[in-house]
A.B. asks: 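This is the structure, below, for whatever I ask next.
In each ligand, atom 1 is the first atom listed, and ligand 1 is the first ligand listed.
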Amino acid sequence: MKIITIIGARPQIIKSAAISRAIRNHFSTEIKEIIVHTGQHYDENMSEVFFDELSIPRPDYNLNVGSGSHGAQTARMLEGIENIILTEKPDALVVYGDTNSTVAGGLAASKLHVPLVHIEAGLRSFNKKMPEEVNRIMCDHVSTLLFSPTAKGIENLEKEGFNLNSVAPFTIDHPKVYHCGDIMYDNSIYFSKVSDQNSKLLAELGIEGDFILSTIHRNNNTDEPDRLLAIFGALIEIAEENKIPVVLPLHPRTKKMMELNLTPELSAQLTSSKYIRIIPPVSFFDVIALEKNASFIVTDSGGVQKEAFFFEKPCIILRSETEWVEIVENGNAILCDADKNRILIAYKKLANNKDLTYPQLFGDGEAATFICQEIVKHLS
Ligand code: UD1
Ligand code: UDP
């Protein structure tokens, strides 16, 4: 069978490594994968760096859509993906997560009656002001096979009317919902083994002891000056008070918005602090090395908050809600929004908590193989 996989933003490129690896190892005679990169992310360190490192096949197509408003960006992708579907005539189209690339793929496939496979289905923040929430709801409701990483995702889909007991044959009007574990857990286990030998980042940064890893890129945090100020104010205070370095691989969106939205005083403090280490975005091996060796993680990233859990690190989530509710309910992460006081209190609480447990909430590391098996079974 022929599938088209849509990737575009950094986390999707990384996620796709798990499915491409499963195809290479177990389904090479059954599945031919055509990879379409929308070009949503395009900087070397947001895209190119991952292909060789994670053995992802080179994209067969790159739409080079670049950045833009949501409408313009998504429209360019939609048109490009539609043309590729018409040329390639795939048996199914696979999308990951909740970005504009995901929704463009979902719309293009469903309008052309190509069965859609949504990996990371069912996740909800219950905040439709988040562009990702709209993208993921729309994709779920035009999918034929929905693969949810968590039990909560299954519960959300059931509440939206999905029948959890549907029987084959499956279609857009009669979809199938699976609880299959998280392909990013597959990837974290798989690449964790090699990241130790390959990453030299900590040595290059001269970091030996405790440090905090932080990533920030959510649009409401970067684009609202008060929120950005509160987050950086808290990070500086934690770093200086505890004499602990904070390593911050900076998303290009955040870099741009810091120049616009931070006060000259705070910018000067960040530059002069010997504890704040702002660096460009890093490769996946490097980010795993940071996650494994950090003593604490502060993030608004969906992926990084979960990887904090995978590598058993306490985490502050710089959002008011999360799709990954399990890690909050289990006490491993605290939602602090962009509230300086809540961040400072949560740090004290979590940094000194030695009783955290990390149960296996995200599957067994074999989600990608299961997904491929079900695609072949039902869509070929
Ligand atoms: C997107 C996703 C978000 C995901 C994130 C992962 C949507 C709506 N958002 O957000 O869900 O968590 O990717 O990182 O799809 N830029 C560059 N170089 C690049 C890419 C982006 O400079 O390679 C800058 C541009 O100024 C661009 C801005 O970052 O306007 C935002 O990029 P965009 O892809 O629109 O959204 P993200 O914030 O990256
Ligand atoms: N990541 C990376 N380099 C970095 C920061 C993050 O490789 O400098 C990885 C991270 O480990 C995770 C993914 O990118 O697997 C998450 O992407 P991001 O935070 O951009 O998006 P989100 O998960 O919030 O959609």
Side-chain angles (χ1 to χ4, degrees), residues 6-18 37-50 53-54 64-74 76-77 95-105 120 123 125 129-136 138-139 182-188 191-192 195 199 201 213-223 247-260 278-292 294 297 299-311 313 317-319 322-324:
I6 305 293
I7 56 176
R10 167 170 68 186
Q12 293 160 338
I13 299 169
I14 299 171
K15 284 167 199 170
S16 76
H37 191 328
T38 62
Q40 176 169 354
H41 286 176
Y42 44 85
D43 288 351
E44 208 272 339
N45 55 20
M46 295 294 287
S47 171
E48 182 65 23
V49 66
F50 301 109
E53 185 183 58
L54 307 184
N64 291 312
V65 299
S67 305
S69 68
H70 287 261
Q73 187 185 52
T74 311
R76 288 199 291 269
M77 294 173 187
V95 291
Y96 299 96
D98 52 24
T99 71
N100 289 345
S101 299
T102 317
V103 79
E120 271 194 6
L123 302 174
S125 64
K129 287 207 175 117
M130 259 187 108
E132 294 83 359
E133 183 76 348
V134 175
N135 292 344
R136 51 172 97 97
M138 290 179 68
C139 267
D182 192 331
I183 55 168
M184 277 311 293
Y185 185 53
D186 298 16
N187 269 341
S188 293
F191 291 115
S192 165
S195 87
S199 175
L201 182 63
L213 168 67
S214 182
T215 76
I216 301 156
H217 77 278
R218 237 30 324 128
N219 63 337
N220 64 338
N221 284 336
T222 59
D223 300 6
V247 178
L248 216 160
L250 204 61
H251 191 289
R253 165 183 214 111
T254 317
K255 183 171 192 280
K256 196 165 95 180
M257 298 314 283
M258 279 169 77
E259 282 155 22
L260 292 173
I278 296 180
I279 57 175
V282 296
S283 77
F284 194 57
F285 288 166
D286 284 342
V287 87
I288 290 183
L290 291 173
E291 288 166 347
K292 280 170 84 171
I297 295 181
T299 188
D300 60 12
S301 157
V304 176
Q305 62 183 270
K306 229 175 348 141
E307 288 157 15
F309 184 89
F310 299 161
F311 294 115
K313 303 300 155 104
I317 302 172
L318 301 168
R319 291 179 46 195
T322 178
E323 308 77 47
W324 307 102

A.B. asks: Are any of the side-chain nitrogens in K306 or E323 under 4.0 Å away from the carboxylate oxygens of its partner?
C.D. replies: no
A.B. asks: Heavy atom to atom 5 (C) of ligand 1, shortest distance: which of E48, H217, M257, Q40 holds it?
C.D. replies: H217
A.B. asks: Output the distance between atom CG (D98) and atom CD (E132), rounded to the nearest 0.5 Å.
C.D. replies: 5.0 Å
A.B. asks: Nearest to atom 22 (O) of ligand 1, what protein heavy atom do you find, and at what distance?
C.D. replies: P252 CB, 3.3 Å
A.B. asks: At a heavy-atom distance under 4.0 Å, which protein residues reach ligand 2? Sort them by chain and number, would you?
C.D. replies: R10, P11, I14, F50, M184, H217, R218, P249, P281, V282, S283, F284, V287, E291, S301, G302, G303, V304, E307
A.B. asks: Using distance alone, decide if ligand 1 has a nitrogen or oxygen within less than 3.5 Å of any nitrogen or oxygen in N135.
C.D. replies: no
A.B. asks: Give the ring-plane orientation class for H251 versus H41, where under 30° counts as parallel, over 60° as perpendicular and anything between as tilted.
C.D. replies: perpendicular
A.B. asks: Who's the nearest protein heavy-atom neighbour of atom 17 (C) of ligand 1, and how far?
C.D. replies: Y42 OH, 3.2 Å
A.B. asks: Students should be able to answer this: which protein heavy-atom is nearest to atom 27 (C) of ligand 1, and at what distance?
C.D. replies: S67 OG, 3.3 Å
A.B. asks: Atom NE2 of H37 and atom CG of N64: how far apart are they, to the nearest 0.5 Å?
C.D. replies: 8.5 Å
A.B. asks: Output the distance between atom OG1 (T74) and atom CG (N135), rounded to the nearest 0.5 Å.
C.D. replies: 7.0 Å
A.B. asks: Tell me, which protein residue and heavy-atom name are nearest atom 31 (C) of ligand 1, and how many Å apart are they?
C.D. replies: R253 NH1, 3.3 Å
A.B. asks: Is a side-chain donor or acceptor of K292 paired with a backbone partner of S192 at a separation under 3.5 angstrom?
C.D. replies: yes
A.B. asks: Tell me whether R10 has any N or O atom under 3.5 angstrom from an N or O of ligand 1.
C.D. replies: no
A.B. asks: Check whether D43 reaches the backbone of N45 with its side chain - one donor and one acceptor, N or O, closer than 3.5 Å.
C.D. replies: no
A.B. asks: When you measure from the side chain of N187 to the backbone N and O of I14, does any donor-acceptor pair fall under 3.5 Å?
C.D. replies: yes
A.B. asks: Closest non-hydrogen protein atom to atom 3 (C) of ligand 1, residue and atom name please, with distance?
C.D. replies: E132 OE2, 3.2 Å
A.B. asks: CZ/R253 to CD1/I216 distance, rounded to the nearest 0.5 angstrom?
C.D. replies: 13.0 Å
A.B. asks: Output the list of atoms in ligand 1 that are nearer than 4.0 Å to some heavy atom of H70, sorted by atom number.
C.D. replies: 8 (C)
A.B. asks: For ligand 1, find out whether one of its N or O atoms is nearer than 3.5 Å to an N or O atom of R218.
C.D. replies: yes
A.B. asks: Mind checking whether S47 contacts ligand 1 via backbone (N, CA, C, O), side chain (CB onward), both or neither, at a 4.0 Å heavy-atom cut-off?
C.D. replies: neither
A.B. asks: Examine distances only and state if a side-chain atom of Q73 and a backbone atom of N100 form a donor-acceptor pair shorter than 3.5 Å.
C.D. replies: no
A.B. asks: Please check if the side chain of D186 supplies one atom and the backbone of A18 the other of a donor-acceptor pair under 3.5 Å.
C.D. replies: no
A.B. asks: To check your reading of the model: name the closest protein heavy atom to atom 35 (O) of ligand 1, its residue, and the distance in Å.
C.D. replies: Q73 NE2, 3.8 Å
A.B. asks: Looking at S199, is its backbone amide N or carbonyl O close enough to the side chain of D286 to form a donor-acceptor pair, meaning the two atoms are under 3.5 Å apart?
C.D. replies: no
A.B. asks: For the OG atom of S301 and the NE2 atom of H217, what is their distance to the nearest 0.5 Å?
C.D. replies: 5.5 Å
A.B. asks: Please write down residue, atom name and distance for the protein heavy atom closest to atom 18 (N) of ligand 1.
C.D. replies: D43 OD2, 3.0 Å
A.B. asks: What about H251: any of its N or O atoms under 3.5 Å from an N or O on ligand 1?
C.D. replies: yes
A.B. asks: Taking atom CD of Q40 and atom OG1 of T102, what is their separation to the nearest 0.5 Å?
C.D. replies: 8.0 Å
A.B. asks: Give the atom numbers and elements of ligand 1 that come within less than 4.0 Å of a heavy atom of M46.
C.D. replies: 23 (O)
A.B. asks: Among all protein heavy atoms, pick the one closest to atom 39 (O) of ligand 1 and tell me residue, atom and distance.
C.D. replies: H41 NE2, 2.8 Å
A.B. asks: Quick one: which ligand 1 atoms are inside 4.0 Å of a heavy atom on K256?
C.D. replies: 26 (O), 30 (O)
